[in-house]
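What you see is a predicted model, and the numbers here were worked out from it, not measured in a lab. As the structure lists them, so they are numbered: ligands from 1, and atoms in each ligand from 1.
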Amino acid sequence: MVSTTQSIPLVFQRLTPEEMLARAKAFHALLDRRRTIRHFSDEAVPLAVIEEVVRAASTAPSGAHKQPWTFCVVGDPELKRKIREAAEEEERVNYDGRMSEEWLQDLKPFGTDANKPFLETAPWLVIVFKRAYEVDPDGHKHQNYYVTESAGIATGMLLAAAHNAGLATLTHTPSPMNFLAKVLQRPANERPFLLIPMGYPARDCTVPDLVRKPLDEVLITHL
Ligand code: IYR
């Protein structure tokens, strides 16, 4: 028999058009102040804040509500050191020939290189794993659906929640990322998706003077 979930009344706050527009504008203004940073302060951030941020991310919609994600939160200096070492090893190969000339040129404005001190400086590293499938204790496997889309949405919500909580982030992809599953001893069904250092910006933190695409470049309206 197909199991069903009991339906309950939706809790939904209906807003006036004026409230909708005001809130949409305020939310855009909030998100527009989010910047990826690469210079973190080593100041401590309460774990309780990170936990709430992960809780917010984990409200994301997902294929068949399988919630195919695991968030590893790392504050242990020894683990952070291991992660930095492994990431820098991969990045040295990337910068020394695995990335194309065009790619290296495209990265010039960001001043990135194979050194990743932020992996030790930031008080917290949040590593998002996508769960390719589920495994019962008896070894029986179950499918997950739209795993990449689901993990991507959850990660977007994680970044927004962190920013809203007053934390800065970096979406880091030290590819290939398999070393993260090894260092963090994750099971075979979990695949590293993104590594996100979280914390306060360093006092002298600067960011590239980027311009976001205007609405008419990203929006096509069919009336
Ligand atoms: N993973 C490398 C390279 C890198 C790639 C992209 I695309 C970026 O937007 C930034 C960096 C690194 O972290 O240096």
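Atom 7 (I) of ligand 1 has as its closest protein heavy atom Trp103 NE1, 3.5 Å. Looking at atom 2 (C) of ligand 1, its nearest protein heavy atom turns out to be Glu91 OE2, 3.1 Å. Residue, atom and distance of the protein heavy atom nearest to atom 10 (C) of ligand 1 are Leu107 CD2, 3.5 Å.
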Stepwise salt bridge (Lys or Arg N to Asp or Glu O under 4.0 Å) test for Arg186 and Glu190: CA-CA 6 Å; Arg186 301 314 303 160; Glu190 294 190 15; 2.8 Å; yes
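No donor-acceptor pair under 3.5 Å is formed between the side chain of Asn115 and the backbone N or O of Glu88. Side-chain atoms of His163 come within 3.5 Å of backbone atoms of Leu30 as a donor-acceptor pair (strictly under, hydrogens ignored).
Using a 4.0 Å cut-off to heavy atoms of Arg38, the atoms of ligand 1 that qualify are 10 (C). Each of the atoms 1 (N) of ligand 1 lies under 4.0 Å from some heavy atom of Thr173. Ligand-side atoms of ligand 1 in range of Tyr95: 2 (C), 3 (C), 12 (C), 14 (O), range being under 4.0 angstrom from any heavy atom. Those atoms of ligand 1 that come under 4.0 Å of a heavy atom in Lys116, given as number and element, are 12 (C), 13 (O), 14 (O). The atoms of ligand 1 that sit less than 4.0 Å from any heavy atom of His172 are 13 (O).
The neighbour count for Arg203 CZ, taken as heavy atoms of other residues, nucleotides or ligands under 6.0 Å away, does not exceed 12.
Within the model, atoms CD1 of Ile37 and CZ of Arg35 stand 11.0 Å from one another, a figure rounded to the nearest 0.5 Å.
Residue-level proximity to ligand 1 for Met177 is absent, since no heavy atom of it falls below 4.0 angstrom.
Heavy atoms only, all atoms of each residue included: Ala154 and Trp69 are closest at CB-CE3, 3.7 Å.
Grouping the Ile, Leu, Val, Met, Phe, Trp and Tyr side chains by contacts below 4.5 angstrom, directly or via other members, places Val128 with Val49.
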